[in-house]
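Let me begin by presenting the structure, written as structure tokens, before commenting on it.
Computed from heavy atoms alone, side chains included, the values below leave out hydrogens, waters and symmetry copies.
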Amino acid sequence: MTNAVTWFEIGSSDPAATTRFYGDLFGWTFSTDKAYREISAPAEGAIGGGVFPLDGDRPGYGIFYVQVEDVAATVAAAEAAGGKVLVPPTGDPGGLIFAHLLDPAGTHFGVFTPPPAQS
């Protein structure tokens with residue numbers, strides 16, 4: 001799935017209201033075991049998503065993520081093509097690496113490399 005949109009994220013200062021809205025509107029369900037609420041859509045083959053809780057220091061957002069082989073190389077290529085970095089390559093304890101970018105027209109999007117497969 002490299003270079004394909006495989007994830008989306010909704011940033012919200014009120015995750016409970018956000019999950020209620022999208023759940024009622026589209027029939028989505030949400031994990032509740034951690035702050036980042038993963039989204040499950042009823043449609044077969046739907047891409048995954050999540051609701052990211054914001055602390056009120058920035059406006060809500062909705063972005064798409066493209067899965068790439070190398071986040072740092074993709075960020076460098078985006079900058080060379082006129083893009084801007086909003087969040088530099090960042091990793092989490094599980095091995096996920098992501099970055100947020102703006103394209104030359106100002107559209108916010110993300111790139112990520114999933115954690116290595118566990119054997």
Side-chain angles (χ1 to χ4, degrees):
M1 294 300 287
T2 301
N3 296 334
V5 175
T6 60
W7 194 259
F8 69 96
E9 182 175 87
I10 301 166
S12 173
S13 59
D14 188 349
T18 298
T19 58
R20 228 178 2 264
F21 175 81
Y22 287 105
D24 291 348
L25 186 62
F26 298 124
W28 295 352
T29 57
F30 303 84
S31 66
T32 57
D33 58 337
K34 51 189 169 185
Y36 191 89
R37 299 175 184 195
E38 291 190 20
I39 299 168
S40 296
E44 185 177 329
I47 65 170
V51 175
F52 182 78
L54 301 173
D55 55 12
D57 63 342
R58 56 189 161 154
Y61 62 85
I63 66 169
F64 65 90
Y65 282 88
V66 177
Q67 184 173 328
V68 299
E69 286 188 34
D70 184 327
V71 170
T74 302
V75 167
E79 286 183 297
K84 294 184 180 171
V85 178
L86 294 176
V87 176
T90 304
D92 76 2
L96 173 84
I97 302 170
F98 67 94
H100 285 206
L101 304 160
L102 290 178
D103 70 15
T107 303
H108 183 179
F109 70 101
V111 295
F112 79 102
T113 301
Q118 302 296 321
S119 31

Rounded to the nearest 0.5 Å, how far does OG1 of T74 lie from CD of E69? 8.5 Å
List the atom pairs, donor and acceptor, that lie under 3.5 Å between side-chain atoms in residues 108-116 and the rest of the protein, sequence neighbours left out.
unit_1	atom_1	unit_2	atom_2	d
H108	NE2	H100	ND1	2.9
T113	OG1	V68	O	2.9

Quick one: pull up CZ in F52 and CD1 in I10 and give me the separation to the nearest 0.5 Å. 13.5 Å
When rounded to the nearest 0.5 Å, the distance separating OG of S13 from CG of D55 is 9.5 Å
Partners of A80 by side chain to side chain contact (heavy atoms under 4.5 Å, CB included), sequence neighbours excluded? none
Scan V87, V85, D70 and name whichever one has a side-chain contact (heavy atoms from CB on, under 4.5 Å) with V75. V85
Scan the side chains in residues 44-51 for donor-acceptor partners under 3.5 Å anywhere in the protein, sequence neighbours excluded, and list what turns up.
none

Can you tell me how far apart CG (D14) and CZ (F21) are? Round to the nearest 0.5 Å. 12.5 Å
Listing, residues 89-99 side-chain donor-acceptor contacts under 3.5 Å, not counting sequence neighbours, or none:
unit_1	atom_1	unit_2	atom_2	d
T90	OG1	P88	O	2.7
D92	OD1	G94	N	2.9
D92	OD1	G95	N	3.0
D92	OD1	L96	N	3.0

If you take all heavy atoms of P104 and A81, which pair is closest and at what distance? CG-O, 3.8 Å
Which atom pairs, donor and acceptor, lie under 3.5 Å between side-chain atoms of residues 31-43 and protein residues at least two apart or in another chain?
unit_1	atom_1	unit_2	atom_2	d
S31	OG	E38	N	2.9
Y36	OH	W7	NE1	3.0
Y36	OH	E9	OE2	2.9

Applying a strict under-4.5 Å side-chain criterion to I, L, V, M, F, W and Y, I'd like to know whether L101 and F8 cluster together. yes
OH on Y22 to CZ on F30, rounded to 0.5 Å: 9.0 Å
Residues two or more places apart in sequence or in another chain: which of them pass side-chain hydrogen bond (donor to acceptor under 3.5 Å, both in side chains) with T6? Q67
